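Just below is one structure, and these are the notes that go with it.
Everything numeric in this text was worked out from a predicted model, so none of it was measured. The basis for the numbers below is simple: all heavy atoms, side chains too, and nothing from hydrogens, waters or symmetry mates. Sequence lines set the chain letters: A, B, ... in the order given, protein chains first and strands last, and positions in each chain run from 1.
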Amino acid sequence: MENPGIPKTYEPQKVEPYWADFWVQKGYFKPEKGSAKPSFVIVIPPPNVTGSLHMGHALNNTLQDVLIRWKKMDGFDALWVPGTDHGGIATQNVVEKLLKKEGTSRHELGREKFLERMWSWRKESGDTILMQLRRLGASLDWSRTRFTMDETCSRAVLEAFSRFYKKGWIYRGLRMVNWCVRCQTALSDIEVEFEERKDKLYHIRYPLGANDQYLIVATTRPETLLGDTAVAVHPDDPRYSPLKGKSVQLPIVNREIPIIFDSAVDPKFGTGVVKVTPAHDPADFDIGERHNLEQIAVIGFEGKMTAKALQYQMLSREECRKRILEDLEAQGLIEKIEDYPHSVGTCYRCGVIIEPLVSDQWFLKVEHMAQEAAQATRETLVQIFPSSWNGPYLHWLDNLRDWCISRQIWWGHRVPIWYCLNSKKDQGCPASELKSTHPASQTACPPVVSGTMPEKCAACGGVQWEQDPDVLDTWFSSALWPFSVLEWPQPSADLQKYYPTSVLVTGHEILYLWVARMVMFGLTFAPKGMDEPAQRIPYSHVFIHGIVRDKQGKKMSKSLGNVIDPLVMMDKFGTDALRFVLASQSVPGRDMQISDETFLSARNFANKIWNVSRFAFMNFPQGQALPTNAQSLRANQLELCDQWILSRLQKTIEAVRQSLNEYNLAQTARLLYQFLWSEFCDWYIELSKIRILDPTDSSQKRAVVATLDYVLTRLLMLVHPVMPFITEEIWRSRLALAGENRPQSLLEQPYPQLDPTLVEQDAESKMELFRFLIVAVRTIRSEMNVPPANKLNLILVVKDPAQAQLIQKHSRYLEHLCRAKQLQIVSSAQKPNKSAAVLVQDIELFIPLEGLIDFSKEKQRLEKELKHVEEDMERVSLRLSNPDFRANAPADEVERAQERMESSGLKKERLKEHLETLFA
RNA sequence: GGGCGAUUAGCUCAGCGGUAGAGCACUGCCUUUACAAGGCAGGGGUCGUAGGUUCGAAACCUACAUCGCCCACCA
């Protein structure tokens, strides 16, 4: 009985490394050279080199892998391009932490030494995550692996920058930016994360001249008072119109500041008076611009108070707030303090509160690109799945402000701008303290865009140069990713063949940060010869999946300690189980919650596939030409249950393909699970045993084995994209049984397609009758506690001769699955004494149980059944007696209700009769 | 402040106009040519609340409540 080809239990740990290696060695992940097939391309969202595979990566890459494997099997030239991201601030922070442990810092090392350190760190740990992806089974073409700071990608960055620069879209500007005082760099607007904080709203009195009158100003940031250069009210606010041209005395500083009128002020907020600090608040910055107010920077780039902050100089912003409040209190200038929950901007990399500061930065004009990108979506050239993301996506594009692309860190693409030092101007730019230190403000010659140091200054002939110290936002290179990985700007064959790509798979948290920007850059920089918008977009589909959360619905994070490590799950349950969990939880538009228990049923599912295969293989004759194809299948005398399972398989194939097309992988997983477990294993396998065990009829055995093999192999193909390891292992055993020992992959097999000639609606409904009959008998057996050893006699009263014939023909189904010893089919009969009875469709079924059971139990069972029927009849008759229902409902619906009423009526009568005769 | 999503069995979630579903958990029975990580059967839900549309609503609409997320210069 032991099968030589396949061990008793599936041990993922033993087979997974073999296959992960096999696929790569045999080149299954490479696209076919010179293939005429249509291409299907995905570029990976590059994980940061800092990373180790977490559940989010596992999800993201499992979904992509499912699509790639599916398309590859389905006749596409599939390519999935791997790579990693240098991860700007995040990665620099990691190495800076290491340096701190070593008692040094990047400033101590200096820029050059620090960058050496970064590169060596990236060299030793940058590939970790790629190796982990390999373990996940990701079918990435490793020969095309890219890194956002490798030569190819860096060339693309330089090219993009200079093209933007030539267009005049890149400019330097003194603007209010989001400054992280910990990371010591500017951030773009979307890199700020807002957090709800319980804060205070301080109402402060600003004296109005000499008498005791004052204006009350509400603020959450009293420390910025030191930099106030006005107070503002709404122009239409009648309370303050007499104050036109007046001024107030700024507390503590005792500076006189004007009262100005600006419609940005909300008269309903607080007292309708707002302090204006143009150097430390974005809204105030704008007001300041409109009213030509002075900017007084009282908070410096380190988050400490500047010399302008008088006696508070060198205090931290937090300490300063405390001291100011004490001083105001002492002077009686605090009106009141209220609790005030509001959201505070924090750095998305380190979580420290963002300081809005005026600083000189590089910006990219986005208006034109954003319009084009929005247009591409409005014209459905770029479609987002699920479409509910269209709204937020377009809203973001429509309201986009210029992108601050410069960062004051060292790890990244350095801004390729050079300044001629020959013509150094005098120090001390009037505009800003920061600006004066930047080389941009120190040269009279026009700066030069170049990847390397220019030779000679065209303006003055100077040869001394200094490169801009800033680096570009890490998302700048990410925005180029779909074509930089294909070697843009070089006119490569890959670019011609594989751009635009097919679909981008990602989580919604980087829809703006990354997805939108790739569309903008793609439209701008599409390869030569691709002029139509449909050719310029980087991908036509965006598949947005959910975020992995824990059991409580919280985001997984190290600090919360709720992380489920995918690598541990692979060890414990197998990679296929992990992949199945992630796919089965991936409902479009929804985040997913996973816990350890979720993995158990996936692991059990893998085991089920394994065991059903064992069963099948056990019964395959040696030397038979297998696997079965449609032709060899039809050569057999198929019977009802064969036709049924083949038809169900076709329906499943159709539904699975549909779900994949819709990116509804939860549906895909569910369909596979249900078909394999609830139909194939629970019913077909059990029915197949009848003929397999029948020693008298070998042609019948051939038919059932052929069907078994046909369904099982298609199932392996259907399941393979989701669970590649176990399906390969079973496939290998299958081939070995057929004497085929050449190693090959399921990836060479076609993804199953609907075969309409195998759809048998008639067989499906006939099988349904048998299933109902079998369940009915089993229910009675179970509820009456009839032990399995007791074989039952069944009496079936069947009026329809055709039906009688059908049941007679397949009476073995009933005998085997209900453990019946004798089947009596009659056209009419009185209920035998001492028997249980049940009605299935219009077939009456009696089970003589004299001496076997307690008939009061049967009475209870019948009464319960009767109650159900009566309740049901009541509902249906209510509907039928409603003239509006007959008038308005579709005819077939009315008919269905009538039929149901009739059959229920019949059932009710029979049940009553049975109850009456029960003890007769 | 604006928007999106969720609210269905004890738990995790499908379903999204025509008799309320799955997995896990629970109860009973079962070593039967795969699988006890299993088989068979069973119990358990007025589908968040209130209105409306409809012959018919878990599903569509409108409010409300609760939770979550996203966006916004929330002084």
What's the [atom1]-[atom2] distance between [X] and [N], to the nearest Å?
X      : N      : atom1 : atom2 : answer
A/H868 : B/rG42 : NE2   : C1'   : 12 Å
A/N790 : B/rC30 : CG    : C1'   : 13 Å
A/D228 : B/rA75 : CG    : P     : 14 Å
A/H508 : B/rC71 : NE2   : P     : 10 Å
A/K336 : B/rA75 : NZ    : P     : 17 Å
A/L773 : B/rA41 : CG    : C1'   : 17 Å
A/F194 : B/rG3  : CZ    : C1'   : 16 Å
A/E509 : B/rC70 : CD    : C1'   : 12 Å

The side chain of [X] lies closest to which of these nucleotides: [options]?
X      : options                : value
A/P890 : B/rG18, B/rA75, B/rA34 : B/rG18
A/F885 : B/rC35, B/rA14, B/rC55 : B/rC55
A/S782 : B/rU12, B/rA41, B/rC35 : B/rA41
A/V587 : B/rA34, B/rA14, B/rA75 : B/rA14
A/A889 : B/rU12, B/rU32, B/rG18 : B/rG18
A/K689 : B/rG18, B/rA34, B/rG23 : B/rA34
A/L201 : B/rA34, B/rG18, B/rA75 : B/rA75
A/A283 : B/rG38, B/rC73, B/rG18 : B/rC73
A/T779 : B/rC55, B/rA37, B/rG42 : B/rG42
A/P788 : B/rA34, B/rG18, B/rC30 : B/rC30

With nearest nucleotide decided by heavy atoms, which residue, A/S678 or A/S388, maps closer to the 5′ end of RNA chain B?
A/S388

Closer to the 5' end of RNA chain B via nearest nucleotide, is it A/P787 or A/Y340?
A/P787

Distance below 4.0 Å between [X] side-chain N/O and [N] OP1 or OP2:
X      : N      : answer
A/Q674 : B/rA22 : no
A/N604 : B/rG38 : yes
A/W610 : B/rG38 : no
A/K608 : B/rG39 : yes
A/N611 : B/rA34 : no

Pick the [atom1] atom in [N] and in [M], then give their distance to the nearest Å.
N      : M      : atom1 : answer
B/rU12 : B/rC64 : P     : 27 Å
B/rG3  : B/rA72 : C1'   : 11 Å
B/rU32 : B/rG43 : C1'   : 26 Å
B/rA57 : B/rU53 : C1'   : 10 Å
B/rA34 : B/rA20 : C1'   : 33 Å
B/rG39 : B/rG56 : C1'   : 40 Å
B/rG10 : B/rC29 : C1'   : 24 Å
B/rG21 : B/rA9  : C1'   : 10 Å

Tell me what [X] touches on the nucleic acid: a base, only sugar-phosphate, or nothing, going by heavy atoms under 4.0 Å.
X      : value
A/Y512 : sugar-phosphate
A/V276 : nothing
A/V876 : nothing
A/A887 : nothing
A/Q585 : nothing
A/K275 : nothing
A/R778 : sugar-phosphate
A/S601 : sugar-phosphate
A/R590 : sugar-phosphate
A/D266 : base
A/K864 : sugar-phosphate
A/N607 : base
A/R896 : sugar-phosphate

Return the pairing partner of [N] with a 3.5 Å limit on both distances, Watson-Crick or G-U wobble; otherwise return none.
N      : value
B/rG5  : B/rC67
B/rG17 : none
B/rG38 : B/rC30
B/rG23 : B/rC11
B/rA50 : B/rU62

Main-chain N/O of [Y] paired to [X] side chain as donor or acceptor, under 3.5 Å:
X      : Y      : answer
A/T377 : A/A374 : no
A/R781 : A/R819 : yes
A/T575 : A/M570 : no

Please determine whether a side-chain nitrogen of the Lys or Arg among [X] and [Y] lies less than 4.0 Å from a carboxylate oxygen of the Asp or Glu.
X      : Y      : result
A/E355 : A/R221 : yes
A/D199 : A/R197 : no
A/R691 : A/D694 : no

Correct closest heavy-atom pair for A/L328 and A/I204 would be CD1-CD1, 3.9 Å

Would you please classify the geometry between the A/F580 ring and the A/F605 ring as parallel, tilted or perpendicular, with 30° and 60° separating the classes?
tilted

Measure from NZ or CZ of A/K689 to the centre of the six-membered ring of A/F615, then state whether that distance is under 6.0 Å and the direction lies within 45° of the axis.
yes

Is there a donor N/O on one and an acceptor N/O on the other, under 3.5 Å, for the side chain of A/R603 and the base of B/rA37?
yes

If we ignore angles and hydrogens, is there a donor and acceptor under 3.5 Å between the side chains of A/N611 and A/R614?
yes

